[in-house]
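Let me begin by presenting the structure, written as structure tokens, before commenting on it.
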Amino acid sequence: MESIFHEKQEGSLCAQHCLNNLLQGEYFTPVDLSSIAHQLDEEERMRMAEGGMGSEEYRTFLQQPSGNMDDSGFFSIQVISNALSVWGLELILFNSREYQSLMINPINEKAFICNYKEHWFTIRKLGQQWFNLNSLLTGPELISDTYLALFLAQLQQEGYSIFVIRGNLPECDAEQILGIMKVQQQQRPKLIGEDEAQSSSGMGRSSGQGSVLEAGPGVVEGVVDEDEEELRKALALSRQGMEVEDEEADLRRAIQLSMQGKALLGAVMSNTSMPKGGLVAKTTSSGQAPGSTTGGAPLSEKLSAEELRRRRQAYFDR
């Protein structure tokens, strides 16, 4: 959806992308953030100088590189915090005891900033829906209300620091448009590197931003939730397992019938006399002389096998 501002990754300027995606506009440039970082460095230098400009600590401080920025474009949390203070916004650590004691449902917040090592990205609520505005993605990623808490918990397990944004965010077009309608996302965006790799091999897909579609007012979110998809797969596997179990149960019953047939045959044989010639003498239903055989096997044994097959067939027909 074009109304959602999504600044994609350039170099290592993820702090800039994080802030602009949060504020939904090109509010900060690398020069702006560098200026804030230099100001913080100067404030730290002045505090260290209070202990004496000739002290060993002060000389060591001057020799160390800036802790607020580097040549790659990384900016510290202090730079981001100062940049947001210009708009009257503040950061609160999500997993702090103070915040957790408030027991606030994440969906009732406005936005989050996430950091892992040197990467920053924004999760923001626009209108009635949440979006992952990570600059490493090809476009905004729609996040359902039910998945938001799970997503934040997953990020914490992966080592991310999460900060809650407090204050009034500046107005933006996306907030106004999504305030009266919801969007559907037919395809989730991919990582930028992954998208380029697939495109080079002829397997590229449309970007995530292009796959965010507008919907009319009051339209229920039509996102195919990954959890629901996994549930459908699990149900399908369960049904397959039930079918296999039914087949195995049928086989066990057939074997049981077979064993019953053999036991019945053994009982008949035990009640008959054994002639000296070694042949079993049995009475046949066809009037054939006792002791006669067909195909080298007693006729009564052949009839018992046929009866067993009929029983099996009758069971499976049921």
Side-chain angles (χ1 to χ4, degrees), residues 1-8 17-27 80 84 87-95 99-100 102-115 120-156 160 162-190 206-232:
M1 182 176 177
E2 295 181 357
S3 62
I4 299 179
F5 181 87
H6 181 246
E7 200 168 83
K8 299 179 183 178
H17 306 321
C18 175
L19 289 169
N20 289 340
N21 288 339
L22 170 67
L23 302 173
Q24 285 294 285
E26 297 179 356
Y27 288 91
I80 293 178
L84 291 177
W87 295 93
L89 301 172
E90 62 174 334
L91 299 174
I92 300 178
L93 188 61
F94 178 68
N95 63 348
Y99 179 79
Q100 291 298 322
L102 300 176
M103 301 181 66
I104 300 176
N105 191 325
I107 64 174
N108 295 325
E109 297 291 357
K110 298 178 181 178
F112 300 92
I113 282 182
C114 308
N115 168 249
W120 298 90
F121 74 92
T122 291
I123 302 173
R124 175 171 171 171
K125 188 174 186 178
L126 293 168
Q128 305 175 51
Q129 296 172 289
W130 283 91
F131 294 88
N132 177 7
L133 302 178
N134 195 331
S135 58
L136 294 177
L137 295 175
T138 55
E141 180 182 25
L142 184 61
I143 302 176
S144 66
D145 288 350
T146 55
Y147 183 65
L148 177 63
L150 297 175
F151 184 47
L152 294 175
Q154 177 185 353
L155 291 175
Q156 285 184 301
Y160 275 85
I162 302 175
F163 300 90
V164 184
I165 304 298
R166 285 297 177 85
N168 296 321
L169 292 164
E171 295 183 359
C172 61
D173 294 339
E175 180 70 26
Q176 296 177 359
I177 294 175
L178 296 176
I180 58 176
M181 66 174 58
K182 289 188 176 183
V183 296
Q184 298 177 349
Q185 189 165 44
Q186 304 300 331
Q187 178 181 325
R188 295 188 181 278
K190 299 178 290 293
S206 59
S207 67
Q209 185 167 354
S211 63
V212 181
L213 309 177
E214 293 189 16
V219 174
V220 178
E221 178 182 328
V223 179
V224 179
D225 193 89
E226 292 180 352
D227 296 336
E228 296 177 358
E229 181 66 23
E230 293 296 327
L231 178 59
R232 285 196 291 269

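Just so you know, these numbers come straight off a predicted model, no measurement behind them.
- With respect to the salt-bridge test (charged N to carboxylate O, under 4.0 angstrom), the residues E90 and R166 do not qualify.
- Between D173 and E175, every side-chain heavy-atom pair lies at or beyond the 4.5 Å cut-off.
- Using a 4.5 Å heavy-atom threshold, the side chains of L93 and N95 count as touching.
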I would like to know whether V183 and Q129 meet side-chain contact (heavy atoms from CB on, under 4.5 Å); could you show each step before the answer?
CA-CA 8 Å; V183 296; Q129 296 172 289; 3.4 Å; yes
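- With respect to I123, the side chain to side chain contact (heavy atoms under 4.5 Å, CB included) criterion is satisfied by exactly one of N134, L133, I165, L152: L152.
- Annotation: the span from W87 atom CH2 to L23 atom CG amounts to 6.5 Å, rounded to 0.5 Å.
- Taken to the nearest 0.5 Å, the CD1 atom of I107 stands 5.0 Å off from the CG atom of D145.
- No side-chain donor-acceptor contact under 3.5 Å links N20 and E26.
- By the neighbour-count criterion of 12 heavy atoms within 6.0 Å, atom CG of N105 is densely surrounded, having more than that number from other residues, nucleotides or ligands.
- Without hydrogens or angle criteria, K110 side chain to G167 main chain gives a donor-acceptor distance under 3.5 Å.
- Among all heavy-atom pairs drawn from S3 and A174, the shortest one is O-CB, 3.3 Å.
- Contact annotation: the side chain of H17 never approaches that of T122 to less than 4.5 Å [non-hydrogen atoms, C-beta and beyond].
- A search for side chain to side chain contact (heavy atoms under 4.5 Å, CB included) contacts involving Q154 returns Y147, F151, E158, not counting sequence neighbours.
- In this structure, the ring of F112 has its center less than 6.0 angstrom from the ring center of W130.
- At a threshold of 4.5 Å between non-hydrogen side-chain atoms, the residues L178 and Q128 do not count as touching.
- Atom CG of residue L84 and atom SG of residue C18 lie 8.0 Å apart, to the nearest 0.5 angstrom.
- Of the listed residues (I162, N21, L22), just one forms a side chain to side chain contact (heavy atoms under 4.5 Å, CB included) with I113, and that residue is L22.
- Side-chain contact check for S135 versus E7: every heavy-atom pair is 4.5 Å or farther apart.
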I80 and W120: CA distance, side-chain angles, deciding distance, side-chain contact (heavy atoms from CB on, under 4.5 Å) verdict
CA-CA 10 Å; I80 293 178; W120 298 90; 3.4 Å; yes
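- Taking the six-membered ring for Trp and the full ring otherwise, Y160 and F94 have centroids separated by 6.0 Å or more.
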L136 vs F121, test: side-chain contact (heavy atoms from CB on, under 4.5 Å). Steps then yes/no.
CA-CA 9 Å; L136 294 177; F121 74 92; over 6 Å; no
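- Minimum heavy-atom separation, C114 to L155: SG-CD1, 3.8 Å.
- Within the 4.5 Å cutoff, side-chain heavy atoms of Q24 are placed close to those of R124.
- You'll find the side chain of L142 stays beyond 4.5 Å of the side chain of N132, heavy atoms only.
- Between P106 and K125 there is no side-chain heavy-atom pair separated by less than 4.5 Å.
- A distance of 12.5 Å separates CD in Q176 from CE in M181, rounded to the nearest 0.5 Å.
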